[in-house]
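Everything on this sheet refers to the single structure shown next.
When a ligand or atom number is given, it counts from 1 through the structure's own listing order.
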Amino acid sequence: MRAAILASGNGSNFEAIIQAVERQEIAMEVALVFSDKSNAYVLERAKNHQVEAVSFSPKDFSEKSVYEAELLHLLEEYQVEWVILAGYMRIIGPCLLEAFPQRIINIHPSLLPNFPGLHGIKDAFTAKVPQTGVTVHYIDAGVDTGPVIAQEAVTVAEEDTLESLEAKIHQVEHRLYPKVLAEISHNYKGA
Ligand code: GAR
């Protein structure tokens with residue numbers, strides 16, 4: 001399967017995915033990394049793995065729909081079949097949703113439907129819940145609401161700080177996301 005990875009920041013999930021691709025555990029060709037932030041570290045990581053890296057921002061366009069149309073154009077140019085969100089901190093609009101039905105996957109750092117939004121880890125930590133976790137799901141028109149593909153729980157220990165909880169969640173993400181993508185890629189029979 002030919003995929004683009006969309007990310008807004010550090011890109012540690014991209015790193016975990018591309019390493020699994022390089023080990024041939026995921027049957028996926030990463031055609032492109034796209035970021036809406038020109039200074040995102042994920043772009044460096046992409047270049048280090050010889051993956052095309054492209055960035056532009058919604059701020060460069062008159063409105064969000066024009067930004068999305070440009071992004072769709074880019075994905076079509078690279079003949080992308082699947083869109084993998086890895087810390088892409090924007091809502092996916094109708095233009096991309098219609099172009100990639102059930103073909104946009106996201107990872108979220110909580111046990112959805114709990115703690116959707118931008119601060120899944122911090123919100124769970126502040127709420128003092130005994131467990132939180134990681135969700136991989138298909139994207140739909142809502143915010144972190146699409147059909148769940150896989151979830152894994154993480155215990156919040158008495159002695160956990162926000163930082164230690166973040167580390168635990170990221171560790172699970174870096175294992176779970178490549179595992180899910182491996183399964184999807186091996187079941188994918190092509191367009
Ligand atoms: C990850 O924890 C991911 O689950 C989260 O952003 C982080 C990106 O880290 N995504 C969301 O919160 C989406 N709502 P990374 O850039 O190191 O992969």
Side-chain angles (χ1 to χ4, degrees), residues 3-22 26 28 30 32-49 51 53-55 57-58 64 68 71 82-93 96-97 100 104-127 129 131-156 160-182 184:
I5 297 184
L6 273 51
S8 301
N10 177 18
S12 68
N13 278 284
F14 161 73
E15 190 75 43
I17 293 165
I18 198 73
Q19 287 182 12
V21 169
E22 287 167 355
I26 308 177
M28 183 168 88
V30 181
L32 173 73
V33 165
F34 172 80
S35 184
D36 57 319
K37 300 257 193 275
S38 61
N39 60 353
Y41 185 56
V42 70
L43 296 166
E44 290 299 313
R45 293 186 192 264
K47 288 175 199 155
N48 291 340
H49 288 274
V51 174
V54 179
S55 173
S57 161
K64 195 191 162 195
E68 274 226 345
L71 182 49
W82 289 75
V83 178
I84 313 300
L85 308 183
Y88 181 69
M89 297 309 211
R90 293 191 177 276
I91 292 167
I92 298 292
L96 286 179
L97 277 175
F100 297 95
I104 308 180
I105 302 172
N106 184 42
I107 189 159
H108 184 79
S110 77
L111 289 179
L112 292 172
N114 299 329
F115 310 112
L118 290 178
H119 307 290
I121 306 175
K122 191 168 171 215
D123 292 347
F125 184 75
T126 307
V129 288
Q131 76 168 17
T132 180
V134 174
T135 303
V136 178
H137 66 104
Y138 289 107
I139 286 285
D140 67 8
V143 178
D144 301 323
T145 54
V148 169
I149 305 169
Q151 286 188 309
E152 191 170 319
V154 170
T155 301
V156 186
D160 265 325
T161 60
L162 177 58
E163 291 69 29
S164 68
L165 182 60
E166 278 169 352
K168 284 204 261 185
I169 296 259
H170 288 142
Q171 213 175 14
V172 171
E173 289 188 327
H174 299 162
R175 182 166 39 73
L176 188 64
Y177 215 2
K179 182 170 164 254
V180 167
L181 292 173
I184 290 174

- Message: Other residues, nucleotides and ligands only: do more than 12 of their heavy atoms fall within 6.0 Å of CD on Gln171?
- Response: no
- What residue and heavy atom of the protein are closest to atom 7 (C) of ligand 1, and at what distance? Gly87 CA, 4.2 Å
- Query: Which residues satisfy the ring-ring contact (aromatic ring centres under 6.0 Å, His included) test with Phe34, sequence neighbours excluded?
  - Reply: Phe56
- Task: Mark yes when over 12 heavy atoms from residues, nucleotides or ligands other than Ile91 sit less than 6.0 Å from its CD1; otherwise mark no.
- Result: no
- Query: Quick one: nearest non-hydrogen protein atom to atom 14 (N) of ligand 1, plus distance?
  - Reply: His108 ND1, 3.2 Å
- Query: What protein heavy atom sits nearest atom 10 (N) of ligand 1, and how far away is it?
  - Reply: Ile107 O, 3.7 Å
- Task: Using non-hydrogen atoms of the residue, decide whether Gly117 is closer than 4.0 angstrom to ligand 1.
- Result: yes
- Is the number of heavy atoms from other residues, nucleotides or ligands within 6.0 Å of NZ (Lys64) greater than 12? yes
- Query: Does Met89 come within less than 4.0 angstrom of ligand 1, counting non-hydrogen atoms of the residue?
  - Reply: yes
- Task: Identify the protein heavy atom lying closest to atom 9 (O) of ligand 1, giving its residue, its atom name and the separation to 0.1 Å.
- Result: Asn13 ND2, 3.9 Å
- Query: What is the closest protein heavy atom to atom 16 (O) of ligand 1, and at what distance does it sit?
  - Reply: Gly11 N, 2.7 Å
- Message: Need the ligand 1 atom indices (1-based, order shown) with element for anything under 4.0 Å from a heavy-atom of Asn10.
- Response: 16 (O), 17 (O)
- Item | Distance filter under 4.0 Å to His170 heavy atoms, resulting ligand 1 atoms | 2 (O)
- Task: Decide yes or no for Ile184 and Ile149: does some side-chain heavy atom of the first lie under 4.5 Å from some side-chain heavy atom of the second?
- Result: yes
- Closest approach of any protein heavy atom to atom 5 (C) of ligand 1, naming residue and atom: Pro109 CD, 3.8 Å
- Message: Just to verify, which of Ile107, Ile104, Ile5, Ile105 counts as forming a side-chain contact (heavy atoms from CB on, under 4.5 Å) with Leu85?
- Response: Ile104
- Item | Test item: side-chain donor near acceptor, Gln19 and His49, under 3.5 Å | no
- Item | The one among Ser110, Gly120, Ser12 that brings a heavy atom closest to atom 15 (P) of ligand 1 | Ser12
- Query: Could you give all pairs that pass the salt bridge (charged side-chain N to carboxylate O under 4.0 Å, His left out) test and reach residues 136-150, with sequence neighbours left out?
  - Reply: none
- Heavy atoms only: which of Glu173, His174, Arg90 is nearest to atom 1 (C) of ligand 1? Glu173
